[in-house]
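Scope of the values below: all heavy atoms of this structure, side chains included, with no hydrogens, waters or symmetry mates. Each chain gets a letter, A, B and so on, in the order its sequence line appears, and its residues count up from 1.
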Amino acid sequence: MKMSNLYMPTLREVPNDADIVSAQYLLRAGMIRKLVSGVYSFLPLGFRVMKKVEAIVREEMDRADAQEVLMSAIQPREIWEESGRWANFGPEMFTLQDRNQRDFCLGPTHEEYFTFLVNNELNSYKQLPLCLYQVQTKYRDERRPRFGLIRSREFIMKDAYTFDVDEEGLRASYNNMWQAYEKAFDRIGFKYKVVQGDSGNMGGLVSHEFIAITPEGESNIAYCDACDFAATDEVAGARFDAKIELACEGEPNEKVHTPNVKTISDLETFFNVSPKAFIKTLLLKVESTQDVIAVMIPGNRELNIVKLSKFLEVNEDDLVMLQEEEVYPLTGSIIGFVGPFGLKESVRIVADERVFSIVNGICGANEKNYHLKNVVLEPSQFEVAEDLLSVEAGDLCPHCGQPLKIDHGTEVGNIFQLGDKYSKAMNATFLDKDGKSKHFVMGSYGIGISRCVAALVEQFHDDKGIIWPVAVAPYHVLVTVVNPKKEDQLNLGMTIYESLKEQGVEVVLDDRKVSPGVKFTDADLIGIPLRIVVGKKAGENIVEVTERASDEKIEIAVDKLNELITEKLNA
RNA sequence: CGGGGUGUAGCGCAGUUUGGUAGCGCAUCUGGUUUGGGACCAGAGGGUCGCGGGUUCAAAUCCUGCCACCCCGACCA
């Protein structure tokens, strides 16, 4: 490809709506463009990268004996009613109607569709196990699309589904996919961790997430160096020593005047004790039912809303913190003085187990400017949850007891053991050996192809632009002709370009009639791994080879060039 | 969904307070000079000022409704 003809509209300035480095560079490098919030176009260079990621994933899926199909993005409401997820997915689902007012959605995922498909065709255990996959566009009407390709409303996903006769078969299929994922992510070049995932509302289901490690990532993961434990912060058990005992000065549950002492740090100053000794009471409500929940946690910790939503068996997005004006009618107090005693009876009180280790603690009195001290909570009087807290660095590993570390990342893949959740709901069965009808035991497996492109940029960039790993680079080699008006430079550039092309090297020629600065700046921005600069020494048949990653420059005679390029690309 | 902010040329922005012919930089086009890290000179094209309604002799500017985009949304209880 000649750059004089390449559709690569690079931008000097950062578009003001690009909120993360990957979005900034992909936009500036002319690889993607935004149509509307959360919806992007892929331009030639960006599309080439995505196709490379896709090809690697496809190869590893095929190697693992998965079979590729292509389903429709449009799905009828009926199959979602069968699984019960039409209502459950709620506003996240893009819905539409045909001319006869029949409801459809643009598929956010395809469990129902695959289950429906297979149910019609698969009747015998002899046809199992089976693994089908597709690479396809998915739609989710995110509450708040952001981070460019990382949380978009339209995205490309590879999704796979396995069907087995029993749990044992599922485990084998699951491990098979796990290995395929590791091979794919290794080949792409990701730095990543495999962590235990959110196992869904019902518990007992196994899942893992593949997290690309990126400093700005929105997923938090907790992991242990001493053993192989790793999990997202939504499941990692926050184990720590919560025991604290204050001397009982005065009466039990004694009311203390605490004017304007609202926050934990205010309390810390006022009472001069550790925040561990405070019992923090937060008020939330379930929006769909308007049920109000008071949650008690140790004062030095944060509530993890995902863990709470699982405990309450409600949707995470359905849980919100109460607004200031909603608090008074329920508590008789304002924010800052809420406590577990004397709440309206309609309020459901849930306690994180650790608050019972606080002896003679301090909590809100449900009266403005008053707290209670010398509080000892009695577990039998409250609903007790094992763990509602966000894990923190230094908490103890639930496996081996060593301190945990926290890292950030972007989820690029996940694997789920679904069991018979969908096959049961949709009554998808086969006949087993013994002639009995059984539900398929299923798994589902996703890789966010377009998100991978963004995660790669998050991992591989510097202050000048992107640094693509060779395996996914849009082109391998960029030949820059410094001054295309000089015949010897242009001719030599063309010769090198043609010869590399001949050998099957993916090469692009920068023959644009712009100043060298523009070419070099664009080259750094778009991040092609190797650059050959044809400049002043073209007459002597000497060119310069630069590695984008290391910025290492080598002057070399043209007849030794092929050898060097081959060596560098295979390194 | 709640709170805040912004919408003016392809991109980044000024102009809005105090109504009076729509501007700047970059990009684009023409001609010329230039070419090892975002060149220079001369000229040119490009905008229903997000959309609708209103006030006014006159609206980017004031009023009003809508739309889009961005930011924030426990750390406090």
Base, sugar-phosphate or nothing for [X]? Non-hydrogen atoms, less than 4.0 Å.
X      : value
A:N16  : sugar-phosphate
A:T521 : base
A:R512 : nothing
A:G535 : base
A:I297 : nothing
A:V295 : nothing
A:S515 : base
A:V514 : base

Say you pick atom [atom1] in [N] and the same atom in [M]; how far apart are they, in whole Å?
N      : M      : atom1 : value
B:rC57 : B:rC1  : P     : 40 Å
B:rA59 : B:rC51 : P     : 15 Å
B:rG45 : B:rC63 : P     : 36 Å
B:rG46 : B:rG10 : P     : 12 Å
B:rA60 : B:rG53 : P     : 14 Å
B:rG73 : B:rA27 : P     : 37 Å
B:rG54 : B:rC13 : P     : 33 Å
B:rA9  : B:rG50 : P     : 8 Å

Could you tell me how far apart [X] ([atom1]) and [N] ([atom2]) are, to the nearest whole angstrom?
X      : N      : atom1 : atom2 : result
A:R146 : B:rC70 : CZ    : C1'   : 12 Å
A:L282 : B:rG73 : CG    : P     : 16 Å
A:L284 : B:rG73 : CG    : P     : 16 Å
A:L11  : B:rG12 : CG    : P     : 8 Å
A:I542 : B:rG36 : CD1   : P     : 17 Å
A:K519 : B:rG37 : NZ    : P     : 12 Å
A:L319 : B:rG2  : CG    : C1'   : 16 Å
A:L35  : B:rC69 : CG    : C1'   : 13 Å

State the pairing partner of [N]; accept Watson-Crick or G-U wobble contacts with both distances under 3.5 Å, and report none otherwise.
N      : value
B:rC1  : B:rG73
B:rU35 : none
B:rC49 : none
B:rG7  : B:rC67
B:rU55 : none
B:rA22 : none
B:rA44 : B:rU28

Answer yes or no: does a side-chain N or O of [X] lie under 4.0 Å from OP1 or OP2 of [N]?
X      : N      : value
A:R144 : B:rC72 : yes
A:K34  : B:rC70 : yes
A:S37  : B:rC70 : yes

*Considering heavy-atom distances to RNA chain B, does A:K485 or A:V14 have its closest nucleotide positioned more toward the 5' end?*
A:V14

*Mapping A:T10 and A:P145 onto RNA chain B by nearest heavy atom, which one lands closer to the 5' end?*
A:T10

What nucleotide, of [options], holds the atom closest to the side chain of [X]?
X      : options                : value
A:R28  : B:rC71, B:rG38, B:rC69 : B:rG38
A:P516 : B:rC69, B:rG25, B:rU35 : B:rU35
A:E13  : B:rC11, B:rG36, B:rC69 : B:rC11

*Consider only side-chain N and O atoms of A:T263 and A:D266, and report whether a donor and an acceptor are under 3.5 Å apart.*
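Present: a donor and an acceptor within the cut-off.
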
_For A:F47, I'd like to know if atom CZ has over 12 heavy atoms of other residues, nucleotides or ligands within 6.0 Å._
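At most 12 heavy atoms, drawn from other residues, nucleotides or ligands, come within 6.0 Å of this atom.
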
*In this structure, which one of A:L509, A:D510, A:V479 forms a side-chain contact (heavy atoms from CB on, under 4.5 Å) with A:K2?*
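Single pass found, and it is A:L509.
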
*Output, in order, the C-alpha distance, side-chain angles, deciding distance and verdict of salt bridge (charged side-chain N to carboxylate O under 4.0 Å, His left out) for A:K307 and A:D233.*
CA-CA 9 Å; A:K307 289 182 181 176; A:D233 66 346; over 6 Å; no

*Report yes or no: is there a donor-acceptor pair, N or O only, under 3.5 Å between the side chain of A:R531 and the base of B:rG37?*
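Yes.
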
_Counting distance alone, no hydrogens or angles: does the base of B:rG37 have a donor or acceptor under 3.5 Å from a partner atom on the side chain of A:D524?_
yes

*asked:* Using 0.5 Å steps for rounding, measure from the CG atom of A:D352 to the CZ atom of A:R301.
replied: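 One finds 9.0 Å between CG of A:D352 and CZ of A:R301.
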
_Straight-line distance of A:E392 CD to A:I406 CD1, nearest 0.5 Å_ =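 Rounded to the nearest 0.5 Å, the CD-CD1 separation comes to 8.0 Å.
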
*Is any NZ, NE, NH1 or NH2 atom of the basic residue among A:K310 and A:D387 found under 4.0 Å from an Asp or Glu carboxylate oxygen of the other?*
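Not counted as a salt bridge, because no side-chain N and carboxylate O are separated by less than 4.0 Å.
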
*Under the criterion salt bridge (charged side-chain N to carboxylate O under 4.0 Å, His left out), which of A:K560, A:K536, A:K537 is the partner of A:E555?*
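Only one of A:K560, A:K536, A:K537 forms a salt bridge (charged side-chain N to carboxylate O under 4.0 Å, His left out) with A:E555, namely A:K537.
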
*Is the Lys NZ or Arg CZ of A:R153 less than 6.0 Å from the centre of A:F94's six-membered ring, within 45° of the axis?*
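So A:R153 doesn't make the cation-pi contact.
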
